[in-house]
Amino acid sequence: MSAVASSSKHSHALRKELGFVSNLLKDARSMTDYITAARLASNLATKAKEAASKFSNKELPALTIRGLPSSKGWGWQEFRKWLLEQGCQGIRFAEKRSEDVLGVVYFTEDTFRAEAVLKLADCPAPAAEGAEGSSGVVKCEVGVAADAAPRHGTKRRPETDAPKAEDTKDRNICDAVCPLWKMPYPEQLQLKFDTVARALAKAKAEEEASAVNQRASGLGRYSNTNQKGGKNYNNRNHNPAKRAREGEGRPDPASLICPLQGILRSPLLENYRNKSEFTMGYDINEQPTVGFLLGAFVDGMTAVADPSPTRHTSRTALAMAAAAQEFLRTQSKLAVYDKRRQTGFWRLLLVREGRKGSTFIPVPATAEENGRAELAKAEVEGSTPPGPSQPSPLLQVTGDRPFAELAPWPYLCAPESSQPPEGATPLDAVFEAEAAAPNPDEVLVMVQANDKFVDKETGMAELSAMREFLRERCVSLGLNLTVFKIQWHSGVSNAAPLDAPVLSLPDEDAATAAGYIVDSLCDFKFRISPTAFFQVNSAATCVLYRLAGLWAAEGNAFTSSSSSLAADEALGQKGPKTLLLDVCCGTGTIGLTLAGQVDKVVGVDITSSAIQDAKVNAELNGVQNAEFLTGKAEVVLPEVLAKQAASYENIVAIVDPPRAGLHKSVLKALLRCPKISRVVYVSCNPDSLAENLKVLCDPAAVASGNAFVAEKAMALDLFPHTAHVETIVKLQRMY
């Protein structure tokens, strides 16, 4: 069987497997289905990579041809056409960029390449108007010349889509990973507030559309039409949800499904991430680099750029990335991973930080407060007060206090069109000055490497050398590198399978072989392993959890949103006999931080490893009124309520789903459990939030007591300088 036929057979088999995974995802009904599909997809990617390696360009007979035209209209298509005109046969494919004077052609067999060498000997170079290099004769070189390698800015793709090399050089890494880095922080807050407002307007429009259709359901043959006759309310021209979804402006507050009180700013704006993942690859100058990709691989970007200009990466992580890069360039004998050719050893550097004390939560100074302090300082020193570009955080205060005493209101900002309680900070008074966070107590590093590139002994020796290099650098910087782990991975992308093992080096001492660090969230401690989920902005997460706890503990009767911050504080005290259901609890962070405000916490998650971590974290913090259960929420919730509901006066659920939102079966479970009087929904995706609110607040179910009413909402900035925004919504059961 020829190489081409064998390759075609493998491709057909891989396509069949891909179709199976695609259908599994389409029909998935539970988190287990999604996890199974993810694992199958990862295995399929590994198979595809191995097949691609077996039938890669390197295995095909290649010929480099020089002296070709360099012009916009002379790319790989013209190159291939010219080769055919010269009588070349057996061409598998051809590579040439319009700006290059050389190209590479791959043949299916050696005999075709040999024939092409003879036919192209002393062949006149093809002509092209205004082109360089199209004079004289072409020259052939057997194989792929070193200077014919694809550029790091792009992968092979159609000429019309390929980014130019100069475009790659002009790219700013901040635009790729923190695209709002140039935008003043008050404008970021307004932008994110408007994003949430549009989602809530969409939810209200969907609710209205559902109500109209329900009212029309008794009109016989005009069922599901409006009362003006004949027009389906879900028609694209008449659907208010479509108008809300497509609107770019700022929605009217009256058009929202509930009042959006404002947006909680992040206590930290600079270097706030406690976890960073750096790609190890080549920069645009072909130098080994540890940093971030300049763009998405699917868009053809493979170049890695220096991460130091980014505003959200911590100083500790940047120091580790710089040290690792220095090691790669000066000491390592192995290559970094090249995504273009899918070869190389070093792939990824993960850095996590742990703090054993309370979370560092600065209290922001307003612009007015900062200005008064600077003026006072200037009068004493006889200096000129700095402007907005020279902030001095004189009034910053470290938030080293118990979680129960943390007030979210100093972080509440009032954008335009918000409906804030009294005391919220206007956006024009938001100031960006802040105190620098202290160094972490512990640092965890995990290095991902390609175990197929070299033998295990050589790879382990290199990893040991990097560990010692990083330890020495940490000592010089006053950092404590307590955990160093490795992860073997040979897949196409750096996203390793969920079950990819994380290992220690053979000579790792017992003190660091445990494989985890301890980090604080509010005044609670959590065990963090290399791949465990944990919020990356600890300070903002504490504010988020505190507000969620206040709203979860509010009075049982349905009331309008509080008009003052003091009212919310008063309602946030521990209520009578309350059971808190932590749905999609993960490692138990929300439930454990709120355990002191309720009588009991029951956390539910489908991932068994997360539940095990939650149990360990409960023991670590001495929390004895929390129970964590593994299983599907739609199965576990009815069982829990059947056994425990009679013992509690109030039952409240907090849900914090992934970006896809709550599965429809979980939504049904919440609706069908009338004992749940209140839901606090924490969302990281406004679009999926709107879809879930449409179900939870379905007007058709209000009369039967099986629906909720959205009472109030708050936006929260968990990721400054990016477009992501969190939303907290309080939902009350309508009996």
CA sep, side-chain torsions, deciding dist, call: C542, L521, side chain to side chain contact (heavy atoms under 4.5 Å, CB included): CA-CA 7 Å; C542 289; L521 191 60; 4.0 Å; yes

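- Atom CG of residue N692 and atom CG of residue L667 lie 4.5 Å apart, to the nearest 0.5 angstrom.
- Between R250 and D194, at least one side-chain N (NZ, or NE/NH1/NH2) sits under 4.0 Å from a carboxylate O, which counts as a salt bridge.
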Side chain to side chain contact (heavy atoms under 4.5 Å, CB included) evaluation trace for M280 with R347: CA-CA 5 Å; M280 296 179 174; R347 299 192 60 145; 5.7 Å; no

Stepwise salt bridge (charged side-chain N to carboxylate O under 4.0 Å, His left out) check, E627 with K600: CA-CA 8 Å; E627 179 182 4; K600 185 172 183 179; 3.1 Å; yes

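- Residues A414 and A424 share a closest heavy-atom pair of CB-CB, 4.0 Å.
- Judged by distance alone, the side chain of T593 and the main-chain N or O of T589 form a donor-acceptor pair under 3.5 Å.
- If you take CE on M714 and CD on Q419, they are separated by 11.5 Å, rounding to the nearest 0.5 Å.
- L696 has its side chain within reach of Y681: a pair of non-hydrogen atoms, C-beta onward, lies under 4.5 Å apart.
- Rounding to the nearest 0.5 angstrom, the gap separating the CZ atom in R546 from the CG atom in L406 is 6.5 Å.
- Neither side chain, S266 nor D717, offers a donor N or O lying under 3.5 Å from an acceptor on the other.
- At least one side-chain heavy atom of L200 sits under 4.5 Å from a side-chain heavy atom of V196.
- No donor-acceptor distance shorter than 3.5 angstrom exists from the side chain of H312 to the backbone of H721, with no hydrogens or angles considered.
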Check against side chain to side chain contact (heavy atoms under 4.5 Å, CB included), L594 and L580: CA-CA 9 Å; L594 302 181; L580 176 66; 4.0 Å; yes

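- Ring geometry, F526 versus F534: the interplanar angle falls from 30° to 60°, so the pair is classed tilted.
- D687 and K202 get closest at one heavy-atom pair: O-NZ, 4.3 Å.
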Full working for side chain to side chain contact (heavy atoms under 4.5 Å, CB included) between V483 and V445: CA-CA 6 Å; V483 177; V445 167; over 6 Å; no

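- Taking all atoms of both residues into account, the shortest heavy-atom contact from L293 to A176 is O-CB, 4.0 Å.
- Judged by a 6.0 Å distance limit and a 45° cone about the ring axis, R733 is positioned over the six-membered ring of F708.
- Taking CG from L180 and CG from L189, the interatomic distance works out to 10.5 Å, rounded to the nearest 0.5 Å.
- Under a 3.5 Å cut-off, the side chain of R273 and the backbone N or O of K275 do form a donor-acceptor pair.
- Looking at heavy atoms from C-beta onward, L550 lies in side-chain contact with P408 at the 4.5 angstrom threshold.
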Report all side-chain donor-acceptor pairs from residues 435-443 shorter than 3.5 Å, counting only partners two or more places apart or in another chain.
residue	atom	partner	partner atom	Å
D441	OD2	K356	N	2.7
E442	OE1	V518	N	3.1

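- For R352 (side chain) and L444 (main-chain N/O), no donor-acceptor pair under 3.5 Å exists by modelled atom type.
- Using a 3.5 Å distance cut-off with no hydrogens or angles, the side chains of H663 and S665 do pair a donor with an acceptor.
- With hydrogens and angles disregarded, no donor-acceptor distance shorter than 3.5 Å links the side chain of S677 to the backbone of N650.
- Shortest non-hydrogen contact noted between Y185 and P720 is CE1-CB, 4.2 Å.
- Closest approach of G549 to Q597, counting heavy atoms only: O-OE1, 3.5 Å.
- Considering only heavy atoms from C-beta on, N617 stays 4.5 Å or farther from K525 through its side chain.
- Of the possible donor and acceptor atoms, none in the side chain of N621 sits under 3.5 Å from a partner among the backbone N and O of V623.
- Residues E432 and P184 have side chains in contact (heavy-atom distance under 4.5 Å, counting atoms from C-beta outward).
- Between the side chain of S418 and the backbone N or O of G262 there is no donor-acceptor pair closer than 3.5 Å.
- For the pair I263 and P415, the tightest heavy-atom approach, listed with the atom from each and the gap, is CG2-CG, 3.6 Å.
- Donor-acceptor pairing under 3.5 Å is recorded for the side chains of T313 and T310.
- Residues T482 and N480 have side chains that never bring a donor and an acceptor to within less than 3.5 angstrom of each other.
- A side-chain donor-acceptor contact under 3.5 Å links Q448 and Q487.
- With hydrogens and angles ignored, the 3.5 Å screen pairs a side-chain donor or acceptor of N274 with a backbone N or O of V536.
- Two residues are said to be in side-chain contact when any heavy atoms from C-beta on lie closer than 4.5 Å; F628 and L592 meet this criterion.
- W181 and N172 share no donor-acceptor pair across their side chains, judged by distance under 3.5 Å alone.
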Chi angles and distances behind the salt bridge (charged side-chain N to carboxylate O under 4.0 Å, His left out) call for K204, E206: CA-CA 5 Å; K204 176 68 174 294; E206 296 279 8; over 6 Å; no

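- Defined by atom type and a distance below 3.5 Å, a donor-acceptor pair is missing between the side-chain atoms of S314 and Y272.
- N625 places a side-chain N or O within 3.5 Å of a backbone atom of A595 that can act as its donor or acceptor partner.
- One finds the CG atom of D605 at 8.5 Å from the CG atom of D582 (value rounded to the nearest 0.5 Å).
- Between E434 and L268, some side-chain heavy-atom pair lies under the 4.5 Å cut-off.
- The distance from the CG atom of L547 to the CG atom of L716 is 8.0 Å, given to the nearest 0.5 Å.
- At least one donor-acceptor pair under 3.5 Å links the side chain of R659 to the backbone N or O of C684.
- Using a 4.5 Å heavy-atom threshold, the side chains of L264 and L544 count as separate.
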